[in-house]
Structure formats: C-alpha cells, structure tokens
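Okay, so here's the structure we're looking at.
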Amino acid sequence: MNFALRVHRLRKTFKDVVAVDCLDLEVRPGECFGLLGPNGAGKTTTIEICEGITSSDSGDVEVLGMRWSEHADLLRQRLGIQLQETQLAEKLTVYETVRLFRSFFRQGPETAEVIALVQLEEKEKSRVGNLSGGQKQRLALACALVGDPELLFLDEPTTGLDPQARRQLWELIDRFKLDGRTILLTTHYMDEAERLCERVAIMDHGKTIALGTPRELIKSIGVEHMLEFSGGGSARALDTSVLCRLEGVRDVQAENGSVRMQVTELHRAVPALLNELGRQGIPLTELRTRSATLEDVFVTLTGRHLRDE
C-alpha cells in the first residue's frame, strides 16, 4: 500500500531527553490522522521531522513517497505547514501576507481565493497585528494552503482559541477533508481528535501507546460510560472499595472529594451506586454521566489525565 507519510523507528534526543523513541507511523492518502498526547509527548518534534524542519538521530521518514535528503525542493512545493506558533510580520496586511507566501510556490490558487477560503475577506486590508487570535490562526492556515498542498501538517491549530474560533477552524478542516487532502493533525484536545480524525495515534514519552480509529480505541478499554459524582465533605469517608464490586462497575478512582467510575452497564451501576451511598450515609451533591472518550483511553493506558502534564 502507498502511504502519504511513513515513519519507521524514528528517534530524536535533546540533551538527556528522548523526545521521540523508535516511533512507527503510517498515514494513508486522503485521511485526517491525529497525533495525540500531552505536552512533552513528542508530537511537535515528530511533525517537525516529517516537515523537514528538524533532523532525526535515526530512523526513516518517507513523505509522499520521497525523502527530504533527496527531494527537499519538490517536497516543499507539495506540502502545507501550519506551525504550532506562526510568527507573521505584524505590519503587513492580510492580503500582503498571503500574497508573499503565495510567491514561494510555483502553482496554487489566487491570493483572494485563499483569503476567501479561510473567511478573512473583510480583514484583507487589516494589519496582522490588529487581528484576533482566531483570525491569526486562520491566516496561518491560509499561508499553509497557498501552494494547493497534497499533504497538510497542522500542529496544535486550535490551541488558545475561544470555543467559537475553534469551531470555525474545525469547519475549515472539514472542508479540506472533503477535497481529499491528507492531513496530519497534532493536538492535546481529545474531543478535537474524535471530531476530525479518521485514525489517531496516542503518544506518551515519545512512543505510540495506542493506534486506531477513535471508536476502536474507546471500545478497546471495555468501558462504554463514565460516571462521576461527589458527596461534599462526607465523600472523604466513603468506602470506595465497595463501589468496585457494584454491578456494572469496572474501575473506581477517588480524587479531591470526587469519584470517577468506569461503567460497562450504566442502567445497573447508577441504582446500585445510589443504594450504596444511602447505606453509607453519603449525601449526593453532584452526579454526571457521559460516554467514554479518547481521554478515558489515555487515562486507562497511562494512569493520569492530560492536564496532569
């Protein structure tokens, strides 16, 4: 099978830190592939090696069937890259910025077409320094699209954006997917990966610890629902060992007065929990249920939340 991106036993170290540790990845043509994990997992180092920005210590990288050592000029014409932090000249206007980046490529859409694609027509005469965070991210995306790329690298494209700006970026990425582009997306937002990606690889400490579709990974932990509750100050006296033996409950974790339960049968676990809280005399102050997510996969595999990083 031909792959848009193939990484084999990739390794990169910085001083005493192993950023990428014998990593293997294969991205299929036309898919949006998510590279997930906490800050420091090695996502950005991996994508920068694939982009030709950083060199590896060892391993092999094929991008669109080519290698940076042999086809650097050709690859630069066929890739679109949005860095984690794109620093653009703040005195230039939106139109001038996109026109400048368009001049680096032999082919691609017209400047005005790209600006319209990222919905910045009303801001094309505005200086970059006067744009909002979301508008700057869309401008960075426009700069990645000016060469009509076959493979698009998006490194943490929505970090720091408000919910509305984040949704706007998601809609733009959906549009690029419909055009048949291949996208490699790094993020530490698990809901973003579930929403956008056909397949994901979860990284931790430079290694892949899980790989598959979001649904496959969620199914792999054998849990359909998460149940979280708190009982105020009384929850500290709760005997959580009893909860582990309740029907439909797979795992229980208590932290800072709240309890998180992995549940296979919600309709059995909730009544059993309420009965047990009543028996122990613990007043229920808050109860939430939700479907399992990719973050639950990460917690199950590593024993910690992404925010712990």
Side-chain angles (χ1 to χ4, degrees), residues 1-8 10 12 19-20 23-36 42-56 59-88 97-111 113-115 117-118 136-159 169 172-187 193 196-201 203:
M1 179 179 181
N2 293 325
F3 294 99
L5 175 67
R6 181 178 173 274
V7 174
H8 180 62
L10 191 66
K12 180 68 177 180
V20 184
L23 184 71
D24 291 329
L25 287 176
E26 292 175 337
V27 179
R28 300 164 183 162
E31 77 173 333
C32 181
F33 187 95
L35 198 56
L36 318 181
K43 304 186 305 298
T44 293
T45 301
T46 298
I47 199 172
E48 287 184 349
I49 293 173
C50 294
E51 293 166 343
I53 296 174
T54 300
S55 61
S56 64
D60 186 45
V61 176
E62 288 185 6
V63 185
L64 301 176
M66 296 175 282
R67 290 179 172 83
W68 281 103
S69 59
E70 303 169 14
H71 309 97
D73 290 342
L74 183 56
L75 279 171
R76 291 191 183 99
Q77 292 294 319
R78 298 173 64 181
L79 302 180
I81 298 173
Q82 181 181 0
L83 302 175
Q84 188 173 122
E85 294 184 11
T86 303
Q87 301 295 326
L88 300 172
T97 301
V98 176
R99 184 178 61 185
L100 172 65
F101 276 79
R102 175 63 186 86
S103 69
F104 302 151
F105 294 88
R106 290 189 287 269
Q107 63 180 25
E110 295 297 324
T111 299
E113 183 180 346
V114 180
I115 292 174
L117 184 64
V118 298
K136 287 180 179 178
Q137 287 291 72
R138 279 187 276 160
L139 177 57
L141 191 54
C143 294
L145 293 170
V146 291
D148 193 23
E150 297 173 45
L151 174 56
L152 189 59
F153 291 102
L154 303 178
D155 192 6
E156 305 278 3
T158 64
T159 296
L169 260 295
L172 288 173
I173 294 171
D174 277 334
R175 189 181 306 174
F176 306 147
K177 288 169 58 178
L178 291 175
D179 290 340
R181 301 179 196 271
T182 304
I183 301 172
L184 178 61
L185 168 77
T186 76
T187 182
L196 297 173
C197 300
E198 281 78 33
R199 289 193 305 139
V200 298
M203 288 186 68

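All values below come from the heavy atoms of this structure, side chains included, with hydrogens, waters and symmetry mates left out.
T187 and A193 get closest at one heavy-atom pair: CG2-CB, 4.3 Å. Of all heavy-atom pairs between L79 and F105, the closest is O-CE2, 4.0 Å. Taking all atoms of both residues into account, the shortest heavy-atom contact from E51 to I81 is OE2-CG2, 3.3 Å. Nearest approach of T186 to P157, heavy atoms of both residues: O-CD, 3.6 Å. When all heavy atoms of M203 and T46 are compared, the closest pair comes out as CE-OG1, 3.8 Å. Closest of all the heavy-atom pairs between A144 and P149 is O-CG, 3.5 Å.
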Please evaluate residues D155 and K43 with respect to the criterion salt bridge (charged side-chain N to carboxylate O under 4.0 Å, His left out), reporting the C-alpha separation (whole Å), side-chain torsions for both, the decisive distance (0.1 Å), and the verdict.
CA-CA 8 Å; D155 192 6; K43 304 186 305 298; over 6 Å; no

Go through the steps to decide whether R67 and D60 satisfy the test side-chain contact (heavy atoms from CB on, under 4.5 Å), and finish with yes or no.
CA-CA 8 Å; R67 290 179 172 83; D60 186 45; 2.8 Å; yes

Where do T86 and L88 land on the side-chain contact (heavy atoms from CB on, under 4.5 Å) test, with the steps shown first?
CA-CA 6 Å; T86 303; L88 300 172; 3.8 Å; yes

Applying side-chain contact (heavy atoms from CB on, under 4.5 Å), run through R138 and L172 and close with a yes or a no.
CA-CA 9 Å; R138 279 187 276 160; L172 288 173; 3.8 Å; yes

One pair to check against salt bridge (charged side-chain N to carboxylate O under 4.0 Å, His left out): R181 and E150. What are the steps and the verdict?
CA-CA 6 Å; R181 301 179 196 271; E150 297 173 45; over 6 Å; no

Report the C-alpha separation of K177 and E198 in whole Å, then their side-chain angles, then the decisive distance to 0.1 Å, and conclude whether the salt bridge (charged side-chain N to carboxylate O under 4.0 Å, His left out) test is met.
CA-CA 10 Å; K177 288 169 58 178; E198 281 78 33; 3.4 Å; yes

Are L185 and F33 close enough, and set up right, to give a side-chain contact (heavy atoms from CB on, under 4.5 Å), and what steps lead you there?
CA-CA 6 Å; L185 168 77; F33 187 95; over 6 Å; no

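R102 contributes atom CZ, which lies 10.0 Å from atom CD of E113 (distance to the nearest 0.5 angstrom). Atoms CG and OG, on L100 and S103 in that order, are 5.0 Å from each other to the nearest 0.5 Å. Taking CZ of F104 as the reference point, atom CD of Q77 lies at 11.0 Å (rounded to 0.5 Å). Note that CD of E48 and CD1 of I53 are 5.0 Å apart. Values are rounded to the nearest 0.5 Å. Within the model, atoms CG of L184 and CG of L25 stand 7.5 Å from one another, a figure rounded to the nearest 0.5 Å. Atom CG of residue L10 and atom CG of residue D24 lie 9.0 Å apart, to the nearest 0.5 angstrom.
Counting heavy atoms of neighbouring residues, nucleotides and ligands inside a 6.0 Å radius, atom CD of E70 exceeds 12 of them.
Between the side chain of R175 and the main chain of L117, a donor-acceptor pair closer than 3.5 Å is present. Under the 3.5 Å distance criterion, the side-chain polar atoms of W68 are left unmatched by any main-chain donor or acceptor of E62. When atom types are taken as modelled, the side chain of K12 and the backbone of S55 share a donor-acceptor pair closer than 3.5 angstrom.
Annotation: side chain of E85 is not in contact with side chain of E156 (no heavy-atom distance under 4.5 Å). L5 places none of its side-chain heavy atoms less than 4.5 Å from the side chain of T182. Contact of the L141 side chain with the F176 side chain is registered, since non-hydrogen atoms from C-beta on lie closer than 4.5 Å. The shortest distance between side-chain heavy atoms of V118 and L139 does not fall below 4.5 Å. A heavy-atom distance below 4.5 Å is found between the side chains of L145 and L152.
Using a cut-off of 4.0 Å between Lys/Arg side-chain N and Asp/Glu carboxylate O, D148 and R78 are scored as not salt-bridged.
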